[in-house]
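Working notes for the structure below.
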Amino acid sequence: MLDYIDRRLDDELTVDALSAVANFSKFHFHRQFSQHCGISVSRYIQFMRLKRAAYRLVFNPTAPIIDVALDSGFENPESFSRAFKAAFGQTPRAFRKTPNWAAWSERSRMRLPPDERTKEMDVKIINVAPILVATLEHRGAPALLNESVQRFIAWRKSSGLSPVSRCETYGVPYNDPNATPPEEFRFDICGAVTEAIPANEHSVITKTIPGGRCAMTVHVGSRDRIDESVYALYRHWLPESGEELRNFPVYFHYLNLDHDTPEHQHLTEIHLPLK
């Protein structure tokens, strides 16, 4: 049901229609959804629309706020602003100008049931060539990762050395954010380049993602739930494969980065380095 909703955030999602899809009466659907997800279906729908709006406000700064409001299912910017501030503690305009990502992350945290379908993932073993990348090293709380993403985007735009339209984008998590103290979390934000980059005010440096054999699967949907696919690789695929891990962390290849793209259409290759 969560997948059904996420794919139709632009539709009019009534309880009557959703309960029919779930094959429950309206009363039982309300109760089952709330017990399963810990949140009412109406609040979940609004939350997902506001969360999408937050990314669009920051990463697509030319989108008019009124368009973001209407696309989020609100009749006017005023009602959108009230709901956004109640959810995230900032007005849409203030969030676009100076997003408090730490507060946003804390307020937007939602514990949802795991998606068991990741156990059925399609995994391929491929050979990857070494990749020279411009890298911004994020060090610190995962809640602040989007601040680092903004810095990397600013470097990309100002330098022109790794244009997102022509160069691939990668992410390298060195730790599990769910099992690492926030101050110890490490994540590299990377863009492919053709040569070493000069020193710069954004502290972007040159690194290489090593080549070699990798198990690769594609995560489809919200990147906030990519850990489910990663865990499935480690817990289900790897023990049954007979393969051994190489001394480099799992990494992500982001196939689409348009923040107007609905979350259910996000495509991310997960690469698990093998010996």
Requested in this report: Answer yes or no on whether Arg246 is positioned over the face of Phe248, meaning its NZ or CZ is under 6.0 Å from the six-membered ring centre and within 45° of the axis.
Outcome: no
Quick one: does [X]'s side chain get under 4.5 Å of [Y]'s, heavy atoms only?
{"X": "Ile205", "Y": "Leu136", "result": "no"}
{"X": "Phe59", "Y": "Val149", "result": "yes"}
{"X": "Leu233", "Y": "Thr217", "result": "yes"}
{"X": "Val68", "Y": "Pro92", "result": "no"}
{"X": "Arg96", "Y": "Ile65", "result": "yes"}
{"X": "Tyr4", "Y": "Leu18", "result": "yes"}
{"X": "Glu147", "Y": "Leu145", "result": "no"}
{"X": "Tyr251", "Y": "Pro273", "result": "yes"}

Requested in this report: With side chain to side chain contact (heavy atoms under 4.5 Å, CB included) as the test, would you mind laying out the steps for Gln90 and Lys85 before giving the verdict?
Outcome: CA-CA 5 Å; Gln90 289 181 280; Lys85 186 174 183 180; 5.9 Å; no
On a heavy-atom basis, which atom in [X] and which in [Y] lie closest, and how many Å separate them?
{"X": "Phe252", "Y": "Val230", "result": "CE2-CG2, 3.8 Å"}
{"X": "Phe95", "Y": "Ala54", "result": "CE2-O, 3.5 Å"}
{"X": "Ala134", "Y": "Ile197", "result": "CB-CD1, 3.9 Å"}
{"X": "Val204", "Y": "Trp155", "result": "CG2-CG, 3.6 Å"}
{"X": "Cys190", "Y": "Val172", "result": "SG-CG2, 4.3 Å"}

**Report entry** Centroid-centroid under 6.0 Å between Trp104 and Tyr55 rings
**Finding:** yes
Query raised in the report: Do Tyr254 and Tyr170 make the cut of ring centroids closer than 6.0 angstrom?
Result: no
Could you grab the distance from atom [atom1] of [X] to atom [atom2] of [Y], nearest 0.5 Å is fine?
{"X": "Ser229", "Y": "Glu269", "atom1": "OG", "atom2": "CD", "value": "12.5 Å"}
{"X": "Leu161", "Y": "Cys167", "atom1": "CG", "atom2": "SG", "value": "9.0 Å"}
{"X": "Ile226", "Y": "His266", "atom1": "CD1", "atom2": "NE2", "value": "11.5 Å"}
{"X": "Leu245", "Y": "Leu272", "atom1": "CG", "atom2": "CG", "value": "5.0 Å"}
{"X": "Phe185", "Y": "Leu144", "atom1": "CZ", "atom2": "CG", "value": "10.5 Å"}
{"X": "Thr268", "Y": "Arg223", "atom1": "OG1", "atom2": "CZ", "value": "3.5 Å"}

Are the side chain of [X] and the backbone N or O of [Y] linked by a donor-acceptor pair below 3.5 Å?
{"X": "Thr180", "Y": "Pro177", "answer": "no"}
{"X": "Asn256", "Y": "Gln265", "answer": "yes"}
{"X": "His138", "Y": "Gly140", "answer": "yes"}
{"X": "Asn175", "Y": "Arg186", "answer": "yes"}
{"X": "Ser81", "Y": "Glu78", "answer": "no"}
{"X": "Ser222", "Y": "Asp224", "answer": "yes"}
{"X": "Arg49", "Y": "Leu9", "answer": "yes"}
{"X": "Glu243", "Y": "Cys214", "answer": "no"}
{"X": "Asn100", "Y": "Ala103", "answer": "yes"}

Report summary line: Sorted by chain and number, sequence neighbours left out, side chain to side chain donor-acceptor pair (under 3.5 Å) with Arg156 holds for Ser162, Thr169
Requested in this report: Go through the structure and list residues passing side chain to side chain donor-acceptor pair (under 3.5 Å) with Gln150, not counting sequence neighbours.
Outcome: Trp101
So if you build clusters from Ile, Leu, Val, Met, Phe, Trp, Tyr with side-chain heavy-atom gaps below 4.5 Å, do [X] and [Y] land together?
{"X": "Ile153", "Y": "Phe187", "answer": "yes"}
{"X": "Ile131", "Y": "Val164", "answer": "no"}
{"X": "Met216", "Y": "Leu274", "answer": "no"}
{"X": "Ile209", "Y": "Val193", "answer": "no"}
{"X": "Phe152", "Y": "Leu132", "answer": "yes"}

Requested in this report: Please collect all side-chain hydrogen bond (donor to acceptor under 3.5 Å, both in side chains) contacts where either partner lies in residues 194-209, sequence neighbours excluded, each pair once.
Outcome: Glu137-Lys207, Asp188-Lys207
Query raised in the report: With distance as the sole criterion, is a donor-acceptor pair present between the side chains of Tyr234 and Asp176 under 3.5 Å?
Result: no
Query raised in the report: Can a donor-acceptor pair be found between the side chains of Asn60 and Thr62 at a distance below 3.5 Å?
Result: yes
[atom1]/[X]: more than 12 non-hydrogen atoms of other groups inside 6.0 Å:
{"X": "Asn76", "atom1": "CG", "answer": "yes"}
{"X": "Arg93", "atom1": "CZ", "answer": "no"}
{"X": "Glu183", "atom1": "CD", "answer": "yes"}

Query - Residues Arg139, Glu184; criterion salt bridge (Lys or Arg N to Asp or Glu O under 4.0 Å); working and verdict - result: CA-CA 7 Å; Arg139 302 295 182 264; Glu184 297 178 13; over 6 Å; no
Query - Residues Arg56, Asp71: salt bridge by 4.0 Å N-O rule - result: yes
